Undergrad: 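First, the structure itself, so that you have it in front of you.
Given the structure is predicted, the values throughout are model-derived calculations rather than measurements.
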Amino acid sequence: MSKNTKPETTSWASKTIKYLWIAFGAMVFGFILFVWMVSVNFLGLFGPLPDFKALENPESEVASELYSSDGLLLGTYARENRSPVSFNELSPNLVNALISTEDVRFEDHSGIDMTAMVRVFVKSILLGQDAGGGSTLSQQTAKNLFKTRTDANQGFLSSIPGLRMLIIKTKEWIVATQLEKAYTKNEILTMYLNTSEFGSNAYGIKTAARTFFNKTPAELDVQESAVLVGLFKAPTYYSPVFNPENSLRRRNTVLYQMVKNDHLTQNEFDSISNMPIELDYRVQNQNQGLATYFREVVKADLLRWTKENIKSDGTSYDLCGDGLKIYVTIDSRMQKYAEEAVAEQMAALQQKFYKEMGSRDPWIDSENRVIPNFIENAVKRTEAYRLLKLRYKDNEDSINIKLNEKKKMRVFSWDGEIDTLMSTMDSLKYYKKFLQTGFVSMDPHTGHIKAWVGGIDHKYFKFDHVKQGKRQPGSTFKPFVYAAAIENGYSPCYSVIDQPVEVYIPGQPAWSPSNADGKFTYERMTIRKAMAKSVNSVTAYMMKKLSPKIVIETARRLGVTSDLEEVPALALGVNDVSVFEMVGAFGTFVNQGEHTTPFYIDRIEDKNGNVIHQFTPKKRPAMSEEHAYLMTYMLRGGFEEESGTSQGVPWSLREGNELGGKTGTTQNASDGWYIGISKDLVTGVWTGGDDRAIHFRSWYDGQGGRTARPIWVKYMEKVYADKDLGYTKGPFPRPERPLSIEINCDVYEKESQRFVEFDYDSKKNDF
């Protein structure tokens, strides 16, 4: 028996080894077959893989970027806030931190790290220890680029537990090796950083660096790079904003990995690891940064453009995913000065308004009586009320209970945001008491909008008061009456007496406006002086001489596009207009009679920098060069005539300078306006409540010279102080040809009897 034992044992061992080899061979063959079946999506069981074309030109959603005329990124439009960078725009600290932590053999493998896979198999599967995922940067890039883990890329077998992840991993192995063949290591690393999520609505390293540290990727230091690389493990759990202790611990782990891989010395680690994380946290959204109102206005225009323009492949442009670069005419420095000027004046004006208001509500009628049920009626126009009506089927009792239910909320104040308890009714009442503004500044020669402020805070007040909002312009409409007069042969020195004027309209009571102070001086004055002092009676007389039809035709030609009623009261600005169109119209005077429609989008480029649309301003002749110059002379009267409404402007602005301007105030001071002109800029300002019933009780305090004009003054002071902008003081350009009339009105006033028309018969020149 002993002689036969050894052969039998040897035979059994040989068979065992043979079967093991067969099993191993079968496993290898089965795995190869499995990989092949996954790669071709056999019978549709595994889900699709990207085709070769997609691998050669991988696409990911890229945010479109909005740039100012001086090259500053104003904001982005995106579903995923992502902006790509190239490898040479990355900090070496970032590259070293990434490779040290995520894929130490990145430079050596071809997409799959077999050493890491064996480690994961032994530790994670056999020993039950956490050894990480073993994915290479190439595999993670494949996952980011081609969404390998989404349901859209899964097949029938993906529903089987355990098999789903094996199929996903296999796809990522396949795509990773193909990426390695198509791209360099630097390109793959850059694609990974451009496609990764960092939390806080930051996708891609460029947005992440800006969001957490307000830096470019090239500017990141070692510890900042380590913080961002640490986010790859779990963006929320390791967020330096929401979980700072976790983030600090993870940052130091990344730094230690850099020590292990000779990218950091032990002494450097000891020093940096004790440092706190210092953030400059700025989540990218349309409520923060410069030109928030403007960015929303441009977005609406761009969405229309994407619908009207088609790409070469026949598809529509995607504003939120195509990575367009939009260049606008806004100058970031001037925008900053405009926003500062608005904030400085409106904060002070609000305090003045609160003081005048006291404990009384500011919504008042023409007799200064508080309007009853004002808030109760206003709430019915809100979205909150509409949704409650749908929810409670018009049950007013239930709706009122919800409207008055207090809840935690954060509200705006000029001293910073306030956390408080308020009901919907409380917050509506609170917000209705705020004064608003609209501000726009334009280069009249090019039509380029240089600054745009649509309100006091875009986060809390979305309505844009530059273009979207329209209000009565009051006396800022008077220059169109005088422009019509100039065009019809009247000189700026033409004299009229300040006395009551009656205009009779068939079937209506006579129109006889009073002056702002309710008095008439019976003084003879030039129309230049009358416009400078904003005398209503003289403007009414000129309207009577000309007719509303002629004034409307003139205003239309100059650039006013809103509906205008053919009534005598038009002379005093009773029809609603926008700040946007008023600035465009006043710009015609400065631009020597040529009207340029205000213009704010310069060009659009694709993500590769190719210009796909160049916008051009719309220009047309609107009045003669001489008449336009005479209107700048008329508008200068506010500064140069005695008691002109711009006399309060500081001498520092006026010295060595020609400026023009017109104040405007509606009858109950609901609206305060100022439009100022220089040889290079036309700027319009409106102030008032969101509702016309909300205004100063005192007309004196609510007039445009006290509410709106200070914003213009502060803005112009800042613009002139910044020598890099290139705006200088000086005279308005005179026409090339000599003027056909004399405009030395001081001489004319001394001989004014020769120029006065005593045509005050109320039955003449009526409409």
Side-chain angles (χ1 to χ4, degrees), residues 64-77 210 214 282 284 286 288-299 301-302 324-345 437-455 458 464-467 579-580 582-584 586-587 590-591 596-605 611 614-619 653 657 659 674-685 711-730:
S64 292
E65 298 177 328
L66 192 74
Y67 286 95
S68 67
S69 61
D70 55 322
L72 184 76
L73 178 64
L74 294 175
T76 58
Y77 303 112
R210 190 167 60 239
N214 194 27
R282 306 182 184 194
Q284 299 295 304
Q286 300 297 50
Q288 294 183 337
L290 287 174
T292 49
Y293 287 92
F294 174 76
R295 279 148 46 189
E296 282 297 299
V297 171
V298 173
K299 181 180 181 180
D301 289 346
L302 291 170
L324 303 175
K325 290 181 171 58
I326 302 104
Y327 292 86
V328 294
T329 62
I330 293 287
D331 185 292
S332 68
R333 298 160 295 182
M334 297 173 74
Q335 179 68 29
K336 177 175 176 285
Y337 300 148
E339 293 183 11
E340 288 174 350
V342 163
E344 290 166 14
Q345 168 62 5
T437 188
F439 172 106
V440 70
S441 186
M442 181 186 80
D443 179 333
H445 309 298
T446 61
H448 288 183
I449 298 294
K450 310 307 292 184
W452 181 307
V453 186
H458 186 262
D464 173 68
H465 292 282
V466 170
K467 195 176 183 183
V579 181
F580 184 82
M582 289 292 281
V583 166
F586 272 63
V590 185
N591 197 33
T596 303
T597 303
F599 172 79
Y600 46 81
I601 304 178
D602 179 41
R603 70 185 186 278
I604 300 174
E605 296 179 357
V611 177
Q614 180 73 56
F615 294 83
T616 55
K618 296 178 181 178
K619 298 184 177 184
L653 275 184
N657 204 12
L659 296 169
Y674 191 76
I675 300 181
I677 63 174
S678 69
K679 65 182 179 66
D680 297 314
L681 286 174
V682 176
T683 303
V685 188
I711 296 176
W712 177 81
V713 169
K714 292 174 186 292
Y715 170 72
M716 292 300 293
E717 287 176 334
K718 293 171 187 288
V719 168
Y720 281 136
D722 188 341
K723 303 305 180 185
D724 292 336
L725 289 173
Y727 288 98
T728 58
K729 297 178 179 180

Undergrad: Kindly compute the distance separating CZ (F294) from NZ (K467), expressed to the nearest 0.5 Å.
TA: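 Rounded to the nearest 0.5 Å, the CZ-NZ separation comes to 9.5 Å.
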Undergrad: Could you check whether the rings of F580 and W452 sit parallel, tilted or perpendicular, using 30° and 60° as the cut-offs?
TA: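 Because their plane-to-plane angle lies in the 30° to 60° range, the rings of F580 and W452 count as tilted.
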Undergrad: Given 3.5 Å as the limit, does a donor-acceptor pair link the side chain of H448 with the main chain of P617, or not?
TA: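 No, H448 side chain to P617 backbone: no donor-acceptor pair under 3.5 Å.
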Undergrad: Does a side-chain heavy-atom distance below 4.5 Å link T596 with T446?
TA: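 In short, these two side chains do not touch, never coming nearer than 4.5 Å.
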Undergrad: On a heavy-atom basis, which atom in P444 and which in V682 lie closest, and how many Å separate them?
TA: CB-CG2, 3.9 Å
Undergrad: To the nearest 0.5 Å, what is the distance between CG on L302 and OH on Y77?
TA: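 Atom-to-atom, L302:CG and Y77:OH are 5.5 Å apart.
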Undergrad: Any side-chain heavy-atom pair from D602 and Q614 closer than 4.5 angstrom?
TA: yes
Undergrad: Please give me the minimum heavy-atom distance between R295 and L290, naming the atom from each residue.
TA: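 Residues R295 and L290, closest heavy atoms: NH1-O, 2.6 Å.
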Undergrad: Nearest heavy-atom pair of G587 and M442: which atoms, and what distance?
TA: CA-CE, 4.0 Å
Undergrad: As an exercise, state the distance from CD1 of I675 to CE of M582, rounded to the nearest 0.5 Å.
TA: 4.0 Å
Undergrad: When you compare the side chain of M716 with that of L681, does any pair of heavy atoms fall below 4.5 Å?
TA: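 Yes, close enough: below the 4.5 Å cut-off.
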Undergrad: Are R333 and D70 within salt-bridge range, i.e. N to O under 4.0 Å?
TA: yes
Undergrad: Any sub-3.5 Å donor-acceptor pair from E605's side-chain atoms to I326's backbone N or O?
TA: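 Side chain of E605 to backbone of I326: no pair is present.
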Undergrad: Between Y337 and Y715, is the ring centre distance below 6.0 Å?
TA: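 Here the rings of Y715 and Y337 have centres that are no less than 6.0 Å from each other.
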Undergrad: What closest approach, in Å, do L659 and N657 show between heavy atoms, and which atom pair accounts for it?
TA: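 Reported closest heavy-atom pair: CD2-ND2, 3.4 Å.
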Undergrad: Do the side chains of K619 and N591 get nearer than 4.5 Å, heavy atoms only?
TA: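 No, side chains not in contact.
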Undergrad: Is the shortest heavy-atom distance from the side chain of V590 to the side chain of H445 under 4.5 Å?
TA: yes
Undergrad: Would you give the length of the straight line joining atom OG1 of T76 to atom OH of Y67, rounded to the nearest 0.5 angstrom?
TA: 10.0 Å
Undergrad: Between W712 and Y674, what is the ring plane arrangement, given parallel below 30°, perpendicular above 60°, and tilted in between?
TA: tilted
Undergrad: Quick one: does any side-chain atom of S64 pair with a main-chain N or O of L324 as donor and acceptor, under 3.5 Å?
TA: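 Yes, S64 side chain to L324 backbone: donor-acceptor pair under 3.5 Å.
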Undergrad: Between K450 and Q335 (side chain of the first, backbone of the second, donor and acceptor by atom type, cut-off under 3.5 Å), is there such a pair?
TA: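 Judged by distance alone, no pair lies under 3.5 Å.
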Undergrad: Quick check: closest heavy atoms across G455 and Y293, and the distance to 0.1 Å?
TA: N-CE1, 3.3 Å
Undergrad: On a heavy-atom basis, which atom in H465 and which in T437 lie closest, and how many Å separate them?
TA: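 Heavy atoms of H465 and T437 come nearest at CB-O, 3.5 Å.
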Undergrad: Looking at side-chain heavy atoms only, is the closest gap between T683 and I711 below 4.5 Å?
TA: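 With C-beta onward as the side chain, the pair stays apart.
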Undergrad: Apply side chain to side chain donor-acceptor pair (under 3.5 Å) to the pair K729 and S678, showing each step before the final yes or no.
TA: CA-CA 8 Å; K729 297 178 179 180; S678 69; over 6 Å; no
Undergrad: Within the distance-only criterion (no hydrogens, no angle test), does the side chain of E339 pair as donor or acceptor with the backbone N or O of V453 below 3.5 angstrom?
TA: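 It does not hold such a pair.
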Undergrad: For F599, is there any backbone N or O sitting under 3.5 Å from a side-chain donor or acceptor partner on T329?
TA: yes
Undergrad: I need the I601 CD1 to I330 CD1 distance, nearest 0.5 Å.
TA: 11.0 Å
Undergrad: Enter the distance from I449:CD1 to S69:OG here, rounded to the nearest 0.5 Å.
TA: 12.0 Å
